[in-house]
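Predicted model, so just to flag it, every value in this text is computed and none were measured.
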Amino acid sequence: MRSSEFTPAPLRILHLEGEQPRVYAVTGHGIEEETGPQQGWTLPEALAGHARHDPACRWLVLADYAEEEFWGDVMPPLRGAARKAWLARMHQRFAMESPFRWISLQGASRSRPGKLRVLGYSLGNAERVMPWLEALEGAQARVGGVYTPIMLAAPLLRRLKLPRRGCAVLVTAHPSGLRQCVVIDGRPCFSRLALRADAAGAGWLPAVREETARLKEYLFENGILVRDKAPLHVVSVCPPGMDGQAAPGPDAAQNIHHLLRADAVARALRLPPAWAASPELSRLLFVFALARGTPPDQLAPAALLRSDWVARTARNTRLAGYGICGAGLLYAAGLAVSLWPLAGELNDAAASTRKFDARYQREAATFPASPLKADELVALEQKARALAPSPPGPRALLAAAGKVLEKHPELQLDQLRWEQEASAPANPPSLQIRGEVQGLKPDDLRGTRDAMARFTASLVSAGLSAEATKVPLDLQSSASINGSGQQDKAELGFEVKVWNK
């Protein structure tokens with residue numbers, strides 16, 4: 001983390017801690033601490049002059065002071081106007097001069113089931129934050145919000161892959177002692193700054209155990225913990241000088257301690273190597289969490305909350321637009337990939353067409369010259385088709401077939417059908433004769449077949465071609481013969497196809 005006097009950046013974080021505020025510029029290369037004038041960032045006017053150099057930069061304020069108050073109560077599960085009225089009464093009940101108040105509904109109360117737990121977090125002394133906030137607003141800087149370490153503790157625990165269920169306490173070093181942030185089931189609950197001068201080096205672990213016992217008693221008395229023997233997950237970032245102390249594990253009060261070394265934290269959060277060796281790693285963790293993403297809730301006046309809501313809405317709208325544009329591009333790319341094979345087929349068809357056209361041009365060059373134009377040739381072809389001889393009609397064929405039928409009175413006709421296929425000139429027009437054989441004895445099966453043979457022979461002798469497509473007593477899969485040996489009427493039908501030779 002290198003220092004620089006001024007670096008254009010889209011985001012800056014003002015870290016208010018102790019008597020010496022610090023400014024961090026968040027760029028694409030990481031987080032850089034910016035140096036101020038000779039007297040440092042001790043005067044808000046110097047910060048305002050620094051903000052005017054980059055009006056497009058967005059500012060976030062991280063306040064880490066001891067003047068913090070926690071208050072809470074339980075409310076029935078209300079909705080709509082009733083909930084708003086109840087919360088308004090709570091704001092009046094816990095009214096104070098500070099405009100920095102944040103309220104959160106934490107779900108069902110552990111001590112009073114059936115009701116909702118309401119937790120509030122306030123900066124009671126606004127005099128340490130307001131001058132810097134007014135200086136930024138006077139410089140027309142884009143202030144995004146005011147945040148505190150408790151709001152960033154849950155994201156840090158998630159990135160460190162520590163237990164999310166139950167009560168967890170994140171303990172970090174502070175110039176005035178140690179900071180304790182309580183997170184229950186992944187939701188911020190309480191923050192406390194223990195003022196201790198001995199919380200350094202070898203005195204870190206005893207101070208953490210002692211302050212954890214006090215914190216646990218306070219949580220139990222306020223109904224946040226149901227049992228005073230419930231274990232707490234205490235996550236502490238070891239400051240320099242305590243590498244050789246006891247290993248992590250449960251203590252006498254059944255609290256589970258997770259002692260994190262600086263190099264392990266840097267690897268888990270993917271921090272720059274310079275941060276792992278920095279003695280201020282514990283305080284830089286909250287700056288890192290705020291640079292990675294702002295939580296939805298913040299500790300700020302109403303006007304600043306409205307501005308932040310407008311900024312978040314605009315950003316979400318832009319992201320939605322980017323998502324829709326990306327989906328459209330993906331759809332267009334998929335459509336182009338699906339049409340790529342069709343483009344190859346189209347090219348092949350075009351090449352085949354060009355080849356056929358070249359062949360036609362070669363053949364057309366051998367055609368004899370004609371004085372007629374193309375439209376005149378088309379008209380001539382149409383007239384030729386009209387003068388073409390029409391196919392023969394059924395008159396002659398009917399007359400010839402009728403003379404033959406006069407010689408066979410035992411045949412009873414049912415249908416005469418003229419068939420002519422215009423699309424198949426090789427097939428001559430034909431006459432379909434369908435009827436039945438009658439006038440014979442009921443059991444004269446051979447006579448029936450002989451009558452059909454005589455009929456077809458007569459047609460052939462008359463100069464016609466005949467083909468029996470169905471003969472009487474055609475024993476196929478659909479035919480049947482009864483036990484008497486007599487002919488079934490349905491089996492006496494015949495069909496003969498007749499045409500000219």
Side-chain angles (χ1 to χ4, degrees), residues 58 60-63 67-126 129-130 133-134 137 142-155 158 164-167 181-192 218-226 290 293-321:
R58 183 167 173 259
L60 300 177
V61 180
L62 176 59
E67 292 82 0
E68 301 162 351
E69 292 189 14
F70 166 81
W71 46 272
D73 203 346
V74 293
M75 63 173 284
L78 303 176
R79 295 181 179 178
R83 171 177 290 189
K84 294 181 180 179
W86 197 94
L87 294 177
R89 289 196 301 269
M90 176 170 286
H91 274 290
Q92 294 177 0
R93 175 183 173 186
F94 295 95
M96 57 185 63
E97 297 179 358
S98 173
F100 302 102
R101 288 197 300 271
W102 166 53
I103 188 171
S104 175
L105 299 178
Q106 296 286 323
S109 173
R110 295 176 179 269
S111 59
R112 301 172 65 179
K115 293 189 177 183
L116 300 177
R117 179 73 182 177
V118 182
L119 299 177
Y121 182 78
S122 302
L123 283 176
N125 187 0
V129 181
M130 286 304 298
L133 192 59
E134 292 173 354
E137 292 178 346
R142 297 174 53 196
V143 182
V146 180
Y147 299 88
T148 54
I150 180 58
M151 298 177 179
L152 308 170
R158 286 196 300 268
R164 299 183 181 181
R165 305 298 299 176
C167 184
C181 298
V182 181
V183 178
I184 297 181
D185 295 336
R187 308 179 69 175
C189 176
F190 176 66
S191 178
R192 174 175 177 262
Y218 176 82
L219 296 177
F220 174 71
E221 291 177 355
N222 285 270
I224 299 177
L225 295 180
V226 180
L290 190 58
T294 57
D297 298 320
Q298 60 167 295
L299 205 69
L304 196 57
L305 290 175
R306 287 192 296 268
S307 300
D308 182 71
W309 181 83
V310 172
R312 288 177 183 274
T313 303
R315 184 176 67 254
N316 294 337
T317 303
R318 287 196 304 271
L319 293 178

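Partners of T313 by side-chain contact (heavy atoms from CB on, under 4.5 Å), not counting sequence neighbours, listed by chain and number: W309, T317. Residues passing the side-chain contact (heavy atoms from CB on, under 4.5 Å) test with V182 are C167, V169, I184, C189, F190, L215, L219, sequence neighbours excluded. For R79, the side-chain contact (heavy atoms from CB on, under 4.5 Å) criterion is met by no residue, not counting sequence neighbours. For K84, there are no side-chain contact (heavy atoms from CB on, under 4.5 Å) partners, not counting sequence neighbours. By the salt bridge (charged side-chain N to carboxylate O under 4.0 Å, His left out) test, R58 pairs with D308, sequence neighbours left out.
In this structure the side chain of P295 reaches within 4.5 angstrom of the side chain of M151, judged on heavy atoms. Using a 4.5 Å heavy-atom threshold, the side chains of I103 and L87 count as touching. Using a 4.5 Å heavy-atom cutoff, the side chains of Y147 and T294 are in contact. Contact check for K115 versus D73: no side-chain heavy atoms found under the 4.5 Å cut-off. Residues V74 and V118 are not in side-chain contact: their nearest non-hydrogen atoms beyond the backbone lie 4.5 Å or more apart.
Between L62 atom CG and L290 atom CG the span is 6.0 Å, to the nearest 0.5 Å.
The two residues A63 and P149 make their nearest non-hydrogen contact at O-CD, 3.4 Å. Scanning all heavy atoms of the two residues, the minimum distance from G186 to A154 falls at O-CB, 3.7 Å.
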Please test L133 against V143 for side chain to side chain contact (heavy atoms under 4.5 Å, CB included), starting from the C-alpha separation and ending with a verdict. CA-CA 8 Å; L133 192 59; V143 182; 3.7 Å; yes

Give the C-alpha distance, both sets of side-chain angles, the deciding distance and a yes or no for side chain to side chain contact (heavy atoms under 4.5 Å, CB included) between R192 and I150. CA-CA 9 Å; R192 174 175 177 262; I150 180 58; over 6 Å; no

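Proximity of a side-chain donor or acceptor of Q298 to a complementary backbone N or O of V146 within less than 3.5 Å is detected.
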